[in-house]
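Let me begin by presenting the structure, written as structure tokens, before commenting on it.
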Amino acid sequence: MKAIKKTMDQNGLVFPFLLVFLISFPWKITTSALLSEEFLHCLSLRSGNSSIAKSVYTHHNSSYSSVLNSSAQNFRFTTPSTPTPLAIITPEHSSQIQATVYCSKKHGFQVRIRSGGHDFEGLSYTTAYEVPFVVIDLVNLRSVRVDVEEATAWVESGATIGELYYEIARRSRTLAFPAGTGNTVGVGGQFSGGGLGVLFRKYGLASDNVIDARLVDVKGRILDRKSMGEDLFWAIRGGGGGSFGIVLAWNLKLVHVPANVTVFTVTKTLDQNATKLVHRWQRIAHRFPKEIHLSIGVTRAGASFRAVFLGSTNELLPLMEEKFPELGIVKQDCFEMSWAESNLYSTQFPIGAPLETLLNRNRKSILSKLFFKSKSDYVKQPIPEAALEGLCSKFYEEEAESAIMVLVAYGGRMDEISESETPFPHRAGNLYSIMYVVDWEENANSEKFMSWMRRVYDYMTPYVSKFPREVYVNFKDLEIGASKGSYAQARIWGVKYFKNNFDRLVYVKTNVDPENFFRHEQSIPPLPFLLKKGAGRSSLNNHESL
């Protein structure tokens with residue numbers, strides 16, 4: 001038995017002789033454990049050699065917990081009661097992903113796909129349901145190849161935003177990509193949900209600038225844009241992760257930026273008319289030129305007005321004086337730096353931090369290595385000043401000591417892209433988006449802080465989007481609904497994320513994964529009746545049982 005345990009500890013994989021041994025003593029092993037061993041045996045056979053052994057971690061492996069928690073960003077999902085995977089696979093090439101898909105299907109396991117681990121509800125590495133599952137962690141698939149002459153890049157899904165930005169900046173100071181901020185965020189999860197960043201008013205979302213992709217489908221095939229077809233290519237660019245397959249890599253259209261951009265952050269307290277300034281900002285920010293990204297961070301300390309401008313200080317100052325003189329921006333507030341450096345600035349790294357900081361996957365980011373809960377909203381009409389005062393007062397409650405609310409101005413390019421261009425529908429008509437976050441340090445206090453977040457969300461109901469109340473899928477929120485593959489249940493949350501695009505996503509899902517292998521609590525469900533001869537997208541609207 002010691003020799004057997006040593007084999008398991010070293011490899012995280014049980015080979016055929018061990019499987020025979022375990023079957024010989026069925027009373028000493030549970031059914032689930034036996035299934036787990038059969039799954040691992042399948043992996044070794046399907047891979048054609050034993051090289052996958054070093055990429056598989058089970059509970060028997062001493063490194064299992066550290067690998068599981070290595071990119072688990074929300075501590076709410078690292079408690080002893082959190083369901084954990086039967087195995088974690090860290091593939092080093094696509095064939096190991098294909099083997100994992102095949103063996104998971106054969107043995108009835110669900111899969112969770114993790115790139116950066118920033119899923120707000122932990123769905124990339126755990127589950128809210130009691131189901132056997134494995135995690136495919138893409139950490140080893142993270143190459144970035146930039147073609148400066150063509151202004152394109154291929155990036156694997158396991159890369160982080162920081163790694164992508166660093167490689168672009170290393171090759172060119174005047175090329176960029178309009179993805180989000182947060183250097184530890186995985187590109188796989190962000191691109192699949194849209195990808196909101198500081199360049200989106202100029203160039204749209206990350207998903208708007210994806211021109212090709214490589215994906216492992218439910219049959220284990222590797223497909224590109226041509227072979228997957230335009231419907232599936234449409235769905236993976238904003239339809240949320242974990243529903244349609246496993247995207248191995250993304251082909252990106254890079255965009256042009258000045259060699260230097262200008263940033264500022266100016267904080268105003270309540271005594272400095274912060275509420276009046278926020279009230280004014282929400283009426284004008286979406287009308288600014290598309291070259292500027294405007295946001296506000298609201299805490300109990302006040303409101304921090306922030307900007308990233310594709311131009312110089314000398315160009316920015318007269319713009320602010322014309323559009324928002326009340327804020328009183330002066331030259332001393334402004335700093336010029338490269339676009340890549342501005343991403344470090346936007347995530348609160350000190351000015352002058354080396355670009356290599358973008359490569360640090362272990363450094364704590366703004367939303368990581370904490371217990372936290374987040375929600376989001378879209379605002380289409382200015383919120384009355386009195387309502388803003390009431391909202392700000394909630395940040396003085398005990399639970400809100402480290403809470404923050406982030407307002408991001410829309411307009412610009414977002415007003416020009418159709419809601420149906422990609423699954424991401426939150427385009428024209430939005431003044432700004434809101435993300436609310438509350439965090440805490442002890443799991444025992446979780447319900448107290450979760451309750452504060454619900455009270456804030458309820459308070460905002462009259463002032464935000466309605467029918468549906470819109471939510472950004474990358475700010476995932478299980479409190480708006482979850483389902484086990486039911487269309488009726490899924491539509492409750494689905495229209496909030498995707499509006500009228502939800503039914504088209506269901507149509508795509510039905511055609512590419514009718515048995516719903518790729519699924520989680522908020523994945524797109526299939527509708528088998530659509531596979532009947534002659535059924536199409538329009539059938540969704542006419543199906544009485546829905």
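Note that the structure is a prediction, hence the values are computed from the model and not measured. These numbers come from the heavy atoms of this one structure, side chains and all, not from hydrogens, waters or symmetry mates.
The aromatic rings of Phe177 and Phe191 are tilted relative to each other, their planes meeting at an angle between 30° and 60°. Ring geometry, Phe371 versus Trp440: the interplanar angle falls under 30°, so the pair is classed parallel (tilted spans 30 to 60°).
Residues Tyr487 and Asp503 have side chains that bring a donor and an acceptor to within less than 3.5 angstrom of each other. Remark: the Arg491 side chain and the Gln489 side chain contain no N/O donor-acceptor pair separated by less than 3.5 Å. Ser338 and Glu341 share a donor-acceptor pair across their side chains, judged by distance under 3.5 Å alone. A donor and an acceptor atom, one from each side chain of Thr82 and Thr79, are located under 3.5 Å apart. When only modelled atom types and interatomic distance are considered, His520 and Thr127 share no side-chain donor-acceptor pair under 3.5 Å. Side-chain atoms of Trp250 and Ser157 form a donor-acceptor pair, as typed in the model, at a separation below 3.5 Å.
Within a 6.0 Å sphere centred on CD of Glu421, heavy atoms belonging to other residues, nucleotides or ligands number 12 at most. Other residues, nucleotides and ligands contribute more than 12 heavy atoms inside 6.0 Å of the CD atom of Glu447. Environment of CD in Glu479: crowded, with over 12 heavy atoms of neighbouring residues, nucleotides or ligands closer than 6.0 Å. Dense packing is recorded around CD of Glu356, with more than 12 heavy atoms of other residues, nucleotides or ligands lying under 6.0 Å away. Counted within 6.0 Å of NE2 on His93, heavy atoms from surrounding residues, nucleotides or ligands total more than 12; the atom is thus considered enclosed.
At a threshold of 4.0 Å, the pair Arg504-Asp231 counts as salt-bridged, since one of the basic side-chain nitrogens sits closer than that to a carboxylate oxygen. Ion pairing between Asp137 and Arg114 holds under the 4.0 Å rule for side-chain N and carboxylate O. One finds no salt bridge joining Asp224 and Arg214 here, because no Lys/Arg side-chain nitrogen approaches an Asp/Glu carboxylate oxygen to under 4.0 Å. A salt bridge between Arg112 and Glu521 is present, with a side-chain N of the basic residue lying under 4.0 Å from a carboxylate O of the acidic one. A salt bridge between Arg361 and Glu163 is present, with a side-chain N of the basic residue lying under 4.0 Å from a carboxylate O of the acidic one. In summary, Arg142 and Glu167 do not engage in a salt bridge, as defined by a charged side-chain N under 4.0 Å from a carboxylate O. The pair Asp513-Arg519 fails the salt-bridge criterion, with no side-chain N (NZ, NE, NH1 or NH2) lying under 4.0 Å from an Asp/Glu carboxylate O.
The ring of Phe244 has its center no closer than 6.0 angstrom to the ring center of Phe517. Ring centroids of Phe39 and Phe109 are separated by less than 6.0 Å, placing the two rings close together. Annotation: Phe200 is in aromatic contact with Tyr410 [ring centroid separation under 6.0 Å]. Phe372 and Phe449 have their aromatic ring centers separated by at least 6.0 angstrom.
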Problem set entry | From CA spacing to verdict: side-chain contact (heavy atoms from CB on, under 4.5 Å), Leu138, Ile97 | CA-CA 9 Å; Leu138 302 175; Ile97 295 179; 3.7 Å; yes
For this session: Go through the steps for Tyr507 and Phe502 under the test ring pair (Phe, Tyr, Trp, His ring centres under 6.0 Å), then give the verdict.
Result: CA-CA 9 Å; Tyr507 172 83; Phe502 176 70; over 10 Å; no
For this session: Run the numbers on His426 and Phe424 for ring pair (Phe, Tyr, Trp, His ring centres under 6.0 Å), then give the verdict.
Result: CA-CA 6 Å; His426 316 292; Phe424 180 96; 5.0 Å; yes
Exercise. Could you walk me through whether Ser71 and Tyr125 pass the side chain to side chain donor-acceptor pair (under 3.5 Å) check?
Worked result: CA-CA 9 Å; Ser71 60; Tyr125 52 93; over 6 Å; no
Exercise. Under the salt bridge (Lys or Arg N to Asp or Glu O under 4.0 Å) criterion, do Arg413 and Asp208 qualify, and how do the steps go?
Worked result: CA-CA 11 Å; Arg413 179 70 178 134; Asp208 295 328; over 6 Å; no
For this session: Please step through side chain to side chain donor-acceptor pair (under 3.5 Å) for the pair Asn443 and Ser446, ending with a clear verdict.
Result: CA-CA 5 Å; Asn443 186 48; Ser446 291; 3.1 Å; yes
Exercise. Please walk me through it: do Tyr497 and Gln522 pass side chain to side chain donor-acceptor pair (under 3.5 Å)?
Worked result: CA-CA 10 Å; Tyr497 287 140; Gln522 284 188 345; 2.6 Å; yes
For this session: Check step by step if side chain to side chain donor-acceptor pair (under 3.5 Å) holds for Thr126 and Arg76.
Result: CA-CA 11 Å; Thr126 186; Arg76 282 202 294 132; over 6 Å; no
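Here Asp439 contributes atom CG and Ser402 contributes atom OG; the two are 3.5 Å apart, rounded to the nearest 0.5 Å. Ser486 OG to Ile492 CD1: the interatomic distance, rounded to the nearest 0.5 Å, is 8.0 Å.
A pairwise comparison of heavy atoms in Gly194 and Leu205 identifies O-CB, 3.5 Å as the closest pair. Nearest approach of Ala213 to Met228, heavy atoms of both residues: O-CE, 3.9 Å. When all heavy atoms are compared, the tightest approach of Asn474 to Gly189 is OD1-O, 3.6 Å. Taking each heavy atom of Ala99 and Ser47 in turn, the nearest pair found is CB-OG, 4.0 Å. Across all non-hydrogen atoms, the minimal contact from Ile524 to Asn516 is O-OD1, 4.0 Å. Pairing each heavy atom of Ser124 with each of Ile113, the nearest pair is CB-O, 3.3 Å.
Using a 4.5 Å heavy-atom cutoff, the side chains of Arg306 and Ser304 are in contact. Annotation: side chain of Met414 is not in contact with side chain of Asn430 (no heavy-atom distance under 4.5 Å). In this structure, the side chains of Val185 and Thr160 stay at 4.5 Å or more apart for every pair of heavy atoms. With contacts defined as side-chain heavy-atom distances shorter than 4.5 Å, the pair Tyr432/Tyr378 does not qualify. Counting only heavy atoms from C-beta outward, the side chains of Leu43 and Cys103 approach each other to under 4.5 Å. Counting only heavy atoms from C-beta outward, the side chains of Glu470 and Asp377 never approach each other to under 4.5 Å. Between Leu248 and Ile222 the shortest side-chain heavy-atom distance falls below 4.5 Å. Here the side chains of Ile292 and Lys202 are not in contact, with every heavy-atom distance at 4.5 Å or above.
Lys375 forms a cation-pi arrangement with Tyr457, by the criterion of a distance under 6.0 Å to the ring centre and an angle within 45° of the ring axis.
Residues passing the ring pair (Phe, Tyr, Trp, His ring centres under 6.0 Å) test with Phe518: none are found, sequence neighbours excluded.
A distance-only check finds a donor-acceptor pair linking the side chain of Trp234 to the backbone of Ser420 [under 3.5 Å].
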